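Every number for a ligand or one of its atoms is a count from 1 in the order of the listing. Computed from a predicted structure; not experimentally measured.
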Amino acid sequence: MPRFAPHPDVRPALVTGASSGIGRATAIALAGAGHPVALGARRVERCEAVAAEIRATGGTAVAVALDVTDTDSIAAFVDTAAAAHGDADVIVANAGDVQPGSVVGTDPERFAAEVSVNLLGVQALLHRAAPPMLTRGHGDIVIVSSEVARHPRPLTAAYVASKRGLEALAETLAMELEGTGVRAGIVRPGPASTEQGTDWSAADIDEIVATWSRWGLMRHSGALRPAEVAHAILTMVSVPRGTHLNLIEIQPQAPDAPKEQTP
Ligand code: NDP
């Protein structure tokens, strides 16, 4: 397929998992900063609604069905985006899934399915989308990880394992890209208010909250808004050439402590 080359100042972006939460907010933030954006997820109708919202405010966006566990679907996503906007100069690997389950108790197929979304899907995406960046000697890759990569959370075993593996992949990638002109970095959010976890049963939530509390992992009730994480992602891809923001950990600020009562 002949390649459509945009003006060098135009930096087309791919965002996976753009149908909700952080991915949706990231697509909106990138479009607001002038990036033509391709939004991918399985619920393509949701991506289309976000793309329409972006276009209505003067941005450029296309929605494409994407399942990151399917290499044909990844190929169609990357190629459709390239035909619409030119080869990507920004890749945000954001799609993710987390389900309750322990190391011993999780059915191995279920475990593998989660690793497939959170880890293998990222490598497959980069394998397809990153080579034109290397040819051009320009581009930014953002890997959306999680604080669980640093502090494991019990009873979300496949998620923890895949996010820690993902950070290892991202660090290896950054080393391999050194000197190519392509930057890779990790955005590592703490708890955020998104659709993540909204499909868990009440019983699973009760057990998880009790276990996380026992391990001191529920320090306060603050949660990030998707737009706040999107801001960090936009910052990572926007820092001037000559600098490399290779890790941003973003946490919700703790709510203000109650003021001392004076008698
Ligand atoms: P959401 O559940 O709101 O969004 C997850 C996104 O991933 C959806 O758009 C979903 O789209 C997409 N997705 C899931 N499976 C696939 C798949 N097989 N193929 C393509 N897309 C897929 O959660 P968040 O916005 O919170 O999650 C975004 C990222 O942020 C994830 O990587 C998550 O691990 C990370 N994160 C989230 C935190 C939180 O507290 N919320 C904390 C730290 C990190 P669809 O179902 O339409 O395919």
Checklist entry - Given side chains that start at C-beta, do those of Val90 and Val92 come closer than 4.5 Å, heavy atoms only? => result yes
Checklist entry - salt bridge (charged side-chain N to carboxylate O under 4.0 Å, His left out) between Glu228 and Arg225: does it pass, once the steps are laid out? => result CA-CA 5 Å; Glu228 293 162 345; Arg225 285 175 293 193; 2.9 Å; yes
Checklist entry - Closest non-hydrogen protein atom to atom 22 (C) of ligand 1, residue and atom name please, with distance? => result Ala95 CB, 3.7 Å
Item to check | Ligand-side contact atoms (ligand 1) for residue partner Gly96, heavy atom cut-off under 4.0 Å | outcome: 5 (C), 7 (O), 14 (C), 31 (C), 32 (O)
Checklist entry - Looking at atom 2 (O) of ligand 1, what's its closest protein heavy atom, distance included? => result Gln196 N, 3.4 Å
Next on the checklist: Below the 3.5 angstrom mark, is there an N/O of Arg43, backbone or side chain, next to an N/O of ligand 1?
Outcome noted: yes
Checklist entry - When you measure from atom 3 (O) of ligand 1 to every protein heavy atom, which one gives the shortest distance, and what is it? => result Ser20 OG, 2.7 Å
Checklist outcome for this item: Among Ala223, Ala113, Ser19, Ser73, the residue with a heavy atom nearest to atom 10 (C) of ligand 1 is Ser19
Checklist entry - Under a 4.5 Å side-chain heavy-atom rule over Ile, Leu, Val, Met, Phe, Trp and Tyr, are Val10 and Leu234 clustered together? => result no
Next on the checklist: Please list, in number order, the atoms of ligand 1 under 4.0 Å from a heavy atom of Asp67.
Outcome noted: 17 (C), 18 (N), 19 (N)
Item to check | Atoms in ligand 1 with a heavy atom of Gly21 nearer than 4.0 Å | outcome: 3 (O), 25 (O)
Next on the checklist: Suppose we measure from atom 15 (N) of ligand 1 to each protein heavy atom; which comes out shortest, and what is that distance?
Outcome noted: Arg42 NH2, 3.2 Å
Item to check | Thr156 side-chain N/O to Pro100 backbone N/O, donor-acceptor pair under 3.5 Å | outcome: no
Next on the checklist: Considering non-hydrogen atoms of the protein only, which is the closest contact for atom 40 (O) of ligand 1, and what is the distance?
Outcome noted: Ala192 N, 2.8 Å
Next on the checklist: With a 4.5 Å cut-off on side-chain heavy-atom distances among I, L, V, M, F, W and Y, is there a chain of contacts connecting Met133 to Leu126?
Outcome noted: yes
Checklist outcome for this item: Pro189 heavy atoms within 4.0 Å reach ligand 1 at atoms 42 (C), 43 (C), 44 (C)
Checklist entry - Do Tyr159 and ligand 1 have an N or O pair less than 3.5 Å apart? => result yes
Item to check | Heavy-atom nearest neighbour of atom 26 (O) of ligand 1 within options Leu224, Thr194, Val117 | outcome: Thr194
Item to check | Hydrophobic cluster membership, Leu125 vs Val115, 4.5 Å side-chain cutoff | outcome: yes
Checklist outcome for this item: Within the 4.0 Å heavy-atom cut-off, what Arg24 brings close to ligand 1 is neither
Next on the checklist: Can you confirm, on distance only, whether ligand 1 has an N/O atom lying under 3.5 Å from any N/O atom belonging to Asp97?
Outcome noted: no
Checklist entry - Any donor and acceptor pair, going by atom type alone, linking the side chain of Lys163 with main-chain N or O of Val144 inside 3.5 Å? => result yes
Item to check | Proximity to ligand 1 by part of Ser145, non-hydrogen separation under 4.0 Å | outcome: backbone
Checklist entry - Which residue from Val229, Val144, Val15, Asn94 reaches closest to atom 32 (O) of ligand 1 through any of its heavy atoms? => result Asn94
Next on the checklist: Using a 6.0 Å cut-off, check whether atom CZ of Arg219 has over 12 heavy atoms from anything other than its own residue.
Outcome noted: no
Item to check | Sidechain-backbone polar pair: Trp212 side chain, Leu155 backbone, donor-acceptor under 3.5 Å | outcome: no
Checklist entry - How far is atom 19 (N) of ligand 1 from its nearest protein heavy atom, and which residue and atom name does that atom have? => result Val68 N, 2.9 Å
Checklist entry - Which is closest to atom 12 (C) of ligand 1 by heavy-atom distance: Ala230, Gly17, Gly23? => result Gly17
Checklist entry - At what distance is the nearest protein heavy atom to atom 25 (O) of ligand 1, and which residue and atom is it? => result Ile22 N, 2.8 Å
Next on the checklist: Could you tell me if the side chain of His220 sits less than 4.5 Å from the side chain of Pro255, heavy atoms only?
Outcome noted: yes
Checklist entry - Which of the numbered atoms in ligand 1 are below 4.0 angstrom from a heavy atom of Ser146? => result 43 (C), 44 (C)
Checklist entry - Is there a nitrogen or oxygen of Glu195 sitting under 3.5 Å from a nitrogen or oxygen of ligand 1? => result yes
Next on the checklist: Below a 4.0 angstrom heavy-atom separation, can you tell me which part of Pro191, side chain or backbone, both or neither, approaches ligand 1?
Outcome noted: backbone
Next on the checklist: Looking at Glu114 and Arg110, is any side-chain nitrogen of the basic one under 4.0 Å from a carboxylate oxygen of the acidic one?
Outcome noted: yes
Checklist entry - Is the closest heavy atom of Glu147 to ligand 1 under 4.0 Å? => result no
Checklist entry - Charged N to carboxylate O below 4.0 Å: is that the case for Arg150 and Glu167? => result no
Next on the checklist: Under 4.5 Å between side-chain heavy atoms, counting indirect links through other Ile/Leu/Val/Met/Phe/Trp/Tyr residues: same cluster for Leu14 and Val237 or not?
Outcome noted: no
Checklist entry - Is ligand 1 less than 4.0 angstrom away from at least one heavy atom of Gly190? => result yes
Item to check | Those atoms of ligand 1 less than 4.0 Å from some heavy atom in Leu66 | outcome: 19 (N), 20 (C)
Next on the checklist: I want to check something: taking the side chain as every heavy atom from C-beta on, are His138 and Asp89 in contact at a cut-off of under 4.5 Å?
Outcome noted: yes
Next on the checklist: Are Leu247 and Leu224 linked, directly or through intermediate hydrophobic residues, by side-chain heavy-atom contacts shorter than 4.5 Å (ILVMFWY only)?
Outcome noted: no
